[in-house]
Protein chains: 2
Amino acid sequence: MVPNPRPTYTVIAKTAGVSEATVSRVLNGDESVHPDRAKRVHEAVDKLGYRKNRVASALASGRSGLIAVVIDDDLSVFSDPFWGTVTSGVSRILSESGIHTVLMVSPVGSADGGVAHYLKSGEVDGAIFFVLHSDALVNNLKKTGLPMVIAGTPHSSLDIPFVDTDNFGGAYAATKHLINKGCHKIGIITGDIGTTAAKQRLDGYLQAFRETGRVPAKGLICEGDYSLESGMENTRKLLRDHPDVDGIFASNDLMAAGAVTVLQDMGKLVPDDIKIVGFDDALIAQTTRPALTTIRQDVVALGEAAGRLMISQLDGEDVQPFITTTELIIRGSA
Amino acid sequence: MVPNPRPTYTVIAKTAGVSEATVSRVLNGDESVHPDRAKRVHEAVDKLGYRKNRVASALASGRSGLIAVVIDDDLSVFSDPFWGTVTSGVSRILSESGIHTVLMVSPVGSADGGVAHYLKSGEVDGAIFFVLHSDALVNNLKKTGLPMVIAGTPHSSLDIPFVDTDNFGGAYAATKHLINKGCHKIGIITGDIGTTAAKQRLDGYLQAFRETGRVPAKGLICEGDYSLESGMENTRKLLRDHPDVDGIFASNDLMAAGAVTVLQDMGKLVPDDIKIVGFDDALIAQTTRPALTTIRQDVVALGEAAGRLMISQLDGEDVQPFITTTELIIRGSA
DNA sequence: AGAAGCCGTGAAAGCGGTTTCGCGGGTAGT
DNA sequence: ACTACCCGCGAAACCGCTTTCACGGCTTCT
């Protein structure tokens with residue numbers, strides 16, 4: 001059926017008049033081949049439209065040209081545009097180096113299990129983790145020497161490169177903004193406190209708070225879980241416990257949106273009665289009325305950084321954690 | 001370093017006392033092996049913790065166990081939670097069959113180019129396409145016999161299996177709902193008319209409209225592009241041209257949300273003055289005030305269907321296009 | 001009873017690259 | 001001039017699994 005099956009080294013070698021070994025050297029950038037011969041090989045490659053069989057190459061060399069993006073969770077996480085964006089950033093950077101992205105969406109509870117086996121199987125050259133709920137797997141994998149990058153700050157201080165948003169700084173800026181706007185009693189609705197990001201945002205809030213010389217009253221810190229419902233619920237709770245709250249920092253925009261709707265249903269004016277700052281600068285920040293003042297994070301940069309860190313590791317370079325900066329976006333809510 | 005390098009067929013064969021060929025047969029489910037021997041092989045596999053090297057397997061068999069998910073666009077599309085959800089649905093179904101998902105986010109303009117080459121290279125066993133802007137690539141690829149699935153109705157009537165939402169039916173139901181609610185002058189804000197989904201939704205609207213015996217006045221049909229801004233802009237235009245509009249069907253929730261905010265900014269009451277219906281039942285449908293009446297599509301099912309269609313093809317079965325049903329979700333906006 | 005099929009199995013030839021090893025020739029050291 | 005190296009290059013082994021081929025032993029048909 002296929003008129004012209006893909007050529008192999010045998011053919012290239014023959015038409016270039018060299019050995020297959022030389023073809024391999026040329027195609028892998030071995031400098032030691034005489035320029036003339038290299039040229040002949042390149043000509044043959046062009047002429048025959050040769051493309052290397054990556055599978056064969058992977059088998060022989062042990063390098064697959066594939067890196068895994070592991071999302072430690074279920075469907076819901078990936079439906080979050082945040083991770084979609086990060087992933088495409090990763091994918092784009094990697095593909096520039098001829099590396100493809102294998103997607104694995106699965107709870108990665110234990111250090112064993114399917115994903116772990118796969119990663120250990122040598123079928124991928126590295127792994128990038130999103131939304132790690134536990135460090136068990138990466139800790140275990142570290143021993144295998146598999147290059148890894150973690151998106152988000154790890155729980156324990158692993159010696160594994162990671163990329164993250166400046167959660168602390170962003171939360172600090174958000175809280176500071178509320179203070180500057182004259183808020184005196186500022187509540188926070190945290191994210192899922194099992195995540196390091198949520199903790200860091202809480203810390204940023206606390207830091208800004210402390211600098212005012214006060215300590216956050218009990219009950220001003222509400223533990224949410226990043227969902228719309230938790231934003232609404234915690235806002236109600238906050239106002240019940242502290243009717244005089246005049247500012248709320250929500251750890252993401254979704255909860256901030258929840259806060260806005262609840263407050264409006266209660267007859268409170270945003271931002272006149274209560275000011276609200278969110279985090280993410282998600283799309284929803286623009287559709288609430290008033291639109292949300294929020295902390296923008298550079299999601300694409302985050303993904304690209306993760307990709308670059310991986311590439312660097314594959315190249316055997318030393319890598320440093322990478323923290324992207326945040327930006328305060330002022331809209332109507334504060 | 002590694003104390004126990006992964007065992008190979010050689011080892012399994014030896015400890016099971018059979019030939020490597022038999023090991024291969026057992027591990028690939030060849031029925032013709034005597035049960036006793038098969039049992040011995042399985043025992044050896046368990047005992048040694050053997051896991052097949054997929055790369056070697058791929059090279060020898062020509063089947064890589066990888067399928068590509070190709071998103072014909074740039075970052076922005078993937079930040080849409082819609083595609084993230086579809087992708088994870090695909091990924092989950094495929095992984096149940098031991099197949100992994102390779103993600104490719106890239107404009108697939110021509111029938112040539114990097115993606116095309118990769119797909120032709122035999123490195124993947126199949127390809128699933130999202131957001132196809134043109135049928136050129138798939139048409140070209142069809143000749144190679146590569147199993148393909150298209151998410152979304154293709155532009156031309158290709159003989160390639162696809163999965164899609166019942167866009168027509170959903171739009172029809174949405175428009176019908178507006179009519180039933182007593183709307184007389186109903187506008188539509190379409191999606192990017194370069195996509196078949198947008199066209200089908202427009203058709204559904206037109207059909208419902210026609211059944212009333214009227215024809216949509218010129219200017220009631222506004223061409224949007226699924227973005228928040230286009231929703232806002234077209235709403236303004238709609239009201240400028242037809243101040244007496246009393247219903248709007250927006251082809252997605254984002255534009256519907258834009259419509260709601262614009263109308264409110266203009267001092268119009270939703271749903272009292274103007275009723276609005278969206279499409280998708282995205283998260284944003286719940287966060288607008290009033291919440292959006294919309295057409296829910298089963299996005300996860302769509303992804304899973306795409307995955308299943310692919311599996312079926314790999315198994316050599318005949319496959320039929322798959323259309324998921326929609327559901328009218330009534331909330332406050334209409 | 002002999003020819004013809006079948007069946008389960010192992011030996012071995014790939015799949016298409018990569019990499020080690022060693023050879024011949026040229027350069028350098030003494 | 002002779003030994004010691006270095007360099008570019010080809011032969012061949014090898015990566016780990018799949019698949020063809022053929023063989024010995026049985027059953028079945030004539």
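Lettering follows sequence order; numbering is per chain, from 1. Here the structure is a predicted model, which means the values were calculated and not measured.
Between B:Phe129 and B:Val149, the closest side-chain pair of non-hydrogen atoms is not below 4.5 Å. Counting heavy atoms from C-beta on, the side chains of A:Phe130 and A:Val70 never come closer than 4.5 Å. With contacts defined as side-chain heavy-atom distances shorter than 4.5 Å, the pair A:Ile311/A:Leu94 qualifies. Side chains of B:Val102 and B:Tyr118 form a contact here, defined as non-hydrogen atoms less than 4.5 Å apart. Side-chain contact check for B:Lys52 versus A:Ser121: every heavy-atom pair is 4.5 Å or farther apart. In this structure, the side chains of B:Leu66 and A:Leu66 come closer than 4.5 Å at one or more pairs of heavy atoms.
Applying the 6.0 Å contact sphere to CG of A:Asp46 captures more than 12 heavy atoms from other residues, nucleotides or ligands. For B:Glu317, the CD atom sits in a packed shell: over 12 heavy atoms of surrounding residues, nucleotides or ligands are nearer than 6.0 Å.
No side-chain donor-acceptor contact under 3.5 Å links A:Thr22 to the backbone of A:Val18.
Within residues 30-38 of chain A, the residues that have a heavy atom under 4.0 Å from DNA chain D are, in order of number, A:Ser32, A:Val33, A:His34, A:Arg37.
B:Ser57 contributes atom OG, which lies 8.0 Å from atom CZ of B:Arg54 (distance to the nearest 0.5 angstrom).
Atom CD1 in A:Ile12 sits roughly 16 Å away from atom C1' in C:dT18 (whole-Å rounding).
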Query - Nucleic acid footprint by protein, nucleotides 12-28 of chain D - heavy-atom cut-off 4.0 Å, B for base, S for sugar-phosphate alone - result: ---BBBBBB--------
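Across the helix from C:dA1-D:dT30 to C:dT30-D:dA1, the helix axis at one end is tilted relative to the axis at the other end by 40° (nearest 10 degrees, each axis from five pairs).
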